[in-house]
Amino acid sequence: MRFFIGFAAALMSFATVTANAEPVVGLYQVREELISQESEVRDAGLQQAFTTLMQRLTGRKDAAQAAELATYQADPQSLISRYGYDGNTLIVNFDPQSVQSALRAAKLPLWGANRPLVLAWWLVDDAQGVRLASDGQQLATDVQNAGQYYGVPTRLPIGDLDEQLLASADVLNQDGAQQIRQAAQRYNADAVLSVHEQTDGQTLQAQWQLWIGDERQQGQATAETQVALAQQIFSEVNQHLAERFAIKPGQGETFIVRVAAIDLERFVLMERLLEPFAAQLQEVTKDYAQWQVRSTAEQLRAQLALAHLKETALPAATAEPAPIDATGSDLAPQVSPAVTETNDQLLYFTW
């Protein structure tokens, strides 16, 4: 087992795994647009970057205002590894370990880097007609940047003829939403964000729906610019997704997660998916791998659904295969205490 884990760890940095969830690149880097590089403007920019990061990681819009974080809100530089400028864009890199320690001390939720992929089906309805935002357009860039700003992996449709034929104001009604969710299957997205944007004088308005499976969230937004509108919507999307996926400290109970049909690639995937739960690997056999985690059953199921794992009943009782011992000799494995199949805290998943 030690060899297996060591080999898997060596591959985790570059292995390609078959799941929709995507690790967020630059999760602890925040970019803030400033009007100048003056010190007062910079200090305000650092504070705003901290506020943005706190929502990005917790899903709570007011997380930075927590009393336990007051010192960091006033001056976040002790959490910053470095910062610099690209023109008047302030680029702030936070230290992940320091930030996570601060969140744990404040007992705030923490949303890991592996997050559901969202397909943004964004319709603009104006004097030029109704059109679908697709890759390569400026609007698509604004939407993807807004997703990045709030830590939401975002993809836009390619906008081929079949998709353009679905570009109508019916995007939010029941039939339209169903058609779009079906069309989105080609992108292997975990969630679908449908947006209907309109212009009212100098103001942009939008209604939106977020679908995760058959669960729907909805809302509306108003802003003066396209960038501000996209950020406002993704702020809400961040909050809804984090409510489902962010790990809440002190909540839940201890579970045993057993996953069948594990190979090296799937083992790497499971280690990534279970990382936010501080999972402890217990057993690896030829039939399954098993971890101990602390969480709620609902959060575990939501997280593992990102890899299309299916929860099933345990197979009919059979002799437990001897697990490979994590501490003894690899050549003479010993049987470690196994969780009995009647344990109601054991969740069994398979592909």
Side-chain angles (χ1 to χ4, degrees), residues 26 29-38 40-56 58-65 73 85-92 118-157 159 167-172 176 180 191-210 217-242:
Q29 181 187 92
V30 181
R31 301 171 67 93
E32 296 290 349
E33 301 296 330
L34 306 182
I35 59 174
S36 73
Q37 296 186 15
E38 295 179 0
E40 291 184 359
V41 175
R42 177 206 61 206
D43 291 345
L46 293 176
Q47 292 175 333
Q48 180 57 48
F50 175 75
T51 298
T52 300
L53 182 69
M54 290 300 97
Q55 179 178 344
R56 187 186 288 182
T58 68
R60 296 186 179 181
K61 199 169 185 178
D62 61 350
Q65 278 68 56
Q73 176 62 41
Y85 290 93
D86 179 6
N88 281 338
T89 301
L90 179 64
I91 304 172
V92 187
V118 174
L119 178 72
W121 193 277
W122 196 293
L123 290 181
V124 176
D125 186 353
D126 57 18
Q128 301 177 38
V130 180
R131 59 192 184 279
L132 176 66
S134 56
D135 277 335
Q137 300 175 354
Q138 180 57 49
L139 174 56
T141 300
D142 293 339
V143 170
Q144 288 177 318
N145 287 344
Q148 175 67 28
Y149 188 75
Y150 283 108
V152 179
T154 305
R155 181 177 297 169
L156 279 89
S168 75
D170 297 331
V171 61
L172 299 181
I180 290 169
V192 177
L193 173 65
S194 300
V195 179
H196 182 203
E197 175 190 321
Q198 295 177 293
T199 303
D200 182 10
Q202 300 298 316
T203 303
L204 300 177
Q205 298 179 341
Q207 293 180 303
W208 58 267
Q209 292 179 351
L210 176 68
Q217 302 287 344
Q218 59 185 334
Q220 55 189 10
T222 302
E224 299 297 323
T225 67
Q226 188 70 67
V227 171
L229 185 73
Q231 287 194 352
Q232 188 178 147
I233 291 174
F234 274 97
S235 173
E236 297 292 329
V237 171
N238 163 277
Q239 293 173 70
H240 288 302
L241 292 177

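Positions are given from 1 along the sequence. Since this is a predicted model, take the numbers as computed values, not measurements.
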* **Side-chain donor-acceptor contact under 3.5 Å, T51 with Q73** => yes

* Heavy-atom side-chain proximity of F234 to Q144 below 4.5 angstrom -> no

* **Counterpart residues, side-chain hydrogen bond (donor to acceptor under 3.5 Å, both in side chains), relative to Q232 (two or more places apart)** => none

* Separation of L132 CG from I180 CD1 (nearest 0.5 Å) -> 8.5 Å

* To do: Rounded to the nearest 0.5 Å, what's the gap from CG on L53 to OH on Y150? Could you check?
  => 12.0 Å

* To do: Please report the C-alpha distance between Q217 and V237 in whole Å, then the side-chain angles of each, then the deciding distance to 0.1 Å, and finally whether the side-chain contact (heavy atoms from CB on, under 4.5 Å) criterion is met.
  => CA-CA 9 Å; Q217 302 287 344; V237 171; over 6 Å; no

* **For A120 against P157, the heavy-atom pair lying closest together** => O-CD, 3.3 Å

* May I ask you to decide if G45's main-chain N or O and E32's side chain share a donor-acceptor pair within less than 3.5 Å? => no

* Asked: Should the heavy atoms of other residues, nucleotides or ligands under 6.0 Å from CD of Q220 be counted, would the total exceed 12?
  -> no

* Structure fact -> Taking every heavy atom of A167 against every heavy atom of V130, the minimum-distance pair comes out as O-CG1, 3.8 Å

* Would you mind checking if D135 and R155 are paired as a salt bridge, meaning a charged N to carboxylate O distance below 4.0 Å? => no

Pair up each side-chain donor or acceptor in residues 191-200 with any protein partner under 3.5 Å, not counting sequence neighbours, and list the distances.
from : atom 1 : to   : atom 2 : distance (Å)
H196 : NE2    : D125 : OD2    : 3.0
E197 : OE1    : W122 : NE1    : 2.8
E197 : OE1    : Q226 : NE2    : 2.8

* Asked: Taking atom CD of Q231 and atom CG of N238, what is their separation to the nearest 0.5 Å?
  -> 12.0 Å

* To do: Kindly give the heavy-atom pair with the smallest separation between L229 and A223, and that separation in Å.
  => N-CB, 3.5 Å

* State whether the number of non-hydrogen atoms from other residues, nucleotides or ligands found under 6.0 Å of Q205 atom CD is greater than 12. => yes

* For the atom pair OG1 (T52) and CZ (R31), what is the distance rounded to the nearest 0.5 Å? -> 13.0 Å

* To do: Can you measure from CG (L90) to CD (Q37) and round to the nearest 0.5 angstrom?
  => 8.5 Å

* To do: Kindly indicate whether the side chain of T203, heavy atoms from C-beta on, has any atom under 4.5 Å from the side chain of T222.
  => yes

* Close side-chain approach of N88 and E33, heavy atoms under 4.5 Å -> no

* Using a 4.5 Å cut-off on heavy atoms from C-beta on, say whether the side chain of F50 contacts that of V30. => no

* Got a sec, which pairs hit salt bridge (Lys or Arg N to Asp or Glu O under 4.0 Å) with one end in residues 139-148, sequence neighbours left out? -> none

* **Smallest separation among heavy atoms of A242 and G59, with atom names** => CB-CA, 3.4 Å

* Looking at OG1 of T154 and CD of Q148, how far apart are the two atoms once the value is rounded to the nearest 0.5 Å? -> 8.5 Å

* Report the C-alpha separation of I233 and V143 in whole Å, then their side-chain angles, then the decisive distance to 0.1 Å, and conclude whether the side-chain contact (heavy atoms from CB on, under 4.5 Å) test is met. => CA-CA 10 Å; I233 291 174; V143 170; over 6 Å; no

